[in-house]
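Numbering of ligands and ligand atoms starts at 1, following listing order.
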Amino acid sequence: MNIILLGPPGAGKGTQARYLVEERGMVQLSTGDMLREAKDSSSEMGRIVADVMARGALVTDEIVIGLIREKLDKTESNGFIFDGFPRTLAQADALNDLLCEKGKVLDAVIEMEVDDDALVARITARSTCAGCGEVYNDNTKPIPRNNFCTNCGAADSFVRRADDNEKSLKNRLMEYYKKTSPLIGYFYAKNQLSRVNGLLDMGVVKAEIAKVLK
Ligand code: AMP
């Protein structure tokens with residue numbers, strides 16, 4: 001089963017992808033994670049990507065489609081979760097072609113709906129365990145006082161993303177509404193779209209997604 005998790009930054013796509021990896025053995029393909037890896041390398045592409053990401057803009061279709069193509073060529077799985085990809089209509093068309101080439105189908109697109117105020121509150125208070133990806137929130141799920149991750153036990157592993165600040169977030173949201181939200185209509189028209197309320201407790205969202213994937 002191959003699925004897309006669609007939604008603005010902070011909607012909880014990464015958290016839900018992690019549940020699906022743990023419980024169903026699916027493979028998460030997050031272009032954000034791939035780009036953060038590229039950014040940390042000393043390549044020319046890394047420098048370009050770092051600048052674009054810091055501004056909260058979108059990296060070119062060519063680069064992200066290339067990254068996804070490479071991963072699909074290298075990875076064997078019957079269950080991919082596309083997390084943060086596609087983000088433009090051109091990327092959606094490219095994904096369709098890539099899946100066709102590989103004889104695979106897209107089974108579902110799950111849109112995670114969250115309102116802007118909740119996104120800002122979530123993102124500006126967010127930190128993540130670098131070891132396992134567990135997400136913490138200063139207000140609702142603070143980092144444990146002993147500094148050990150409650151999920152994987154790693155010590156002092158909490159990081160805040162450089163682009164999780166109000167200025168970058170504003171641009172990331174603008175990019176979402178301008179370039180990514182048209183995908184909602186695109187997948188609706190193809191009868192592939194399901195919606196879940198991303199504002200609910202993460203466990204409830206997980207159950208809603210399980211219902212869609214049944
Ligand atoms: P994310 O971790 O999905 O929030 O992505 C972080 C940043 O990486 C975004 O703000 C973009 O700058 C870049 N990015 C991630 N995925 C894509 C994509 N599919 N297309 C273009 N840029 C992307």
Side-chain angles (χ1 to χ4, degrees), residues 2-18 20-21 27-41 43 45-72 80-99 106 109-114 116 118-130 132-137 158-184 186-187 198:
N2 302 300
I3 66 166
I4 293 173
L5 294 181
L6 187 66
K13 304 186 293 294
T15 300
Q16 295 301 328
R18 224 156 41 75
L20 292 167
V21 170
V27 172
Q28 177 188 12
L29 296 182
S30 154
T31 40
D33 286 347
M34 293 174 206
L35 290 165
R36 274 183 286 280
E37 228 172 82
K39 179 181 85 132
D40 294 338
S41 71
S43 64
M45 180 175 105
R47 273 189 294 278
I48 298 169
V49 163
D51 174 59
V52 174
M53 288 175 84
R55 284 189 282 114
L58 288 191
V59 172
T60 63
D61 289 336
E62 199 190 347
I63 289 179
V64 285
I65 292 166
L67 288 170
I68 286 284
R69 178 180 289 118
E70 208 181 302
K71 285 279 179 194
L72 285 176
F80 287 107
I81 308 157
F82 296 94
D83 162 11
F85 178 90
R87 262 174 154 100
T88 64
L89 290 167
Q91 291 177 22
D93 284 337
L95 178 61
N96 186 42
D97 294 347
L98 281 170
L99 290 174
L106 182 63
V109 179
I110 299 172
E111 184 203 351
M112 301 179 62
E113 294 179 292
V114 194
D116 284 3
L119 292 176
V120 176
R122 267 190 192 174
I123 286 199
T124 52
R126 167 165 87 171
S127 48
T128 308
C129 170
C132 67
E134 183 78 0
V135 178
Y136 292 83
N137 180 291
F158 308 103
V159 287
R160 282 193 195 261
R161 277 174 48 171
D163 58 350
D164 275 354
N165 59 72
E166 276 201 52
K167 189 160 175 252
S168 296
L169 179 56
K170 207 172 150 214
N171 286 335
R172 286 157 71 198
L173 282 174
M174 293 289 276
E175 291 286 66
Y176 179 80
Y177 291 120
K178 266 195 291 191
K179 298 177 186 162
T180 309
S181 65
L183 295 180
I184 295 167
Y186 174 98
F187 288 117

Item checked: Ionic contact status for Arg55 with Asp51, cut-off 4.0 Å -> yes

Notebook entry, point to check: When you check the gap from the basic side-chain N to the acidic O, do Asp164 and Arg122 get nearer than 4.0 Å?
Noted result: no

Margin query: With a 4.0 Å heavy-atom cut-off, what residues sit around ligand 1?
Written below: Thr31, Gly32, Leu35, Arg36, Met53, Ala57, Leu58, Val59, Val64, Gly84, Phe85, Arg87, Gln91, Arg161, Asp163, Arg172

Can any side-chain N or O of [X] pair as donor or acceptor with the backbone N or O of [Y] at less than 3.5 Å?
| X | Y | result |
| --- | --- | --- |
| Asn171 | Ala57 | no |
| Ser168 | Ala54 | yes |
| Lys13 | Gly84 | no |

Note to self: Any donor-acceptor pair under 3.5 Å linking the side-chain atoms of Tyr176 with those of Asp116?
What the structure shows: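 No, no side-chain donor-acceptor pair sits under 3.5 Å.
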
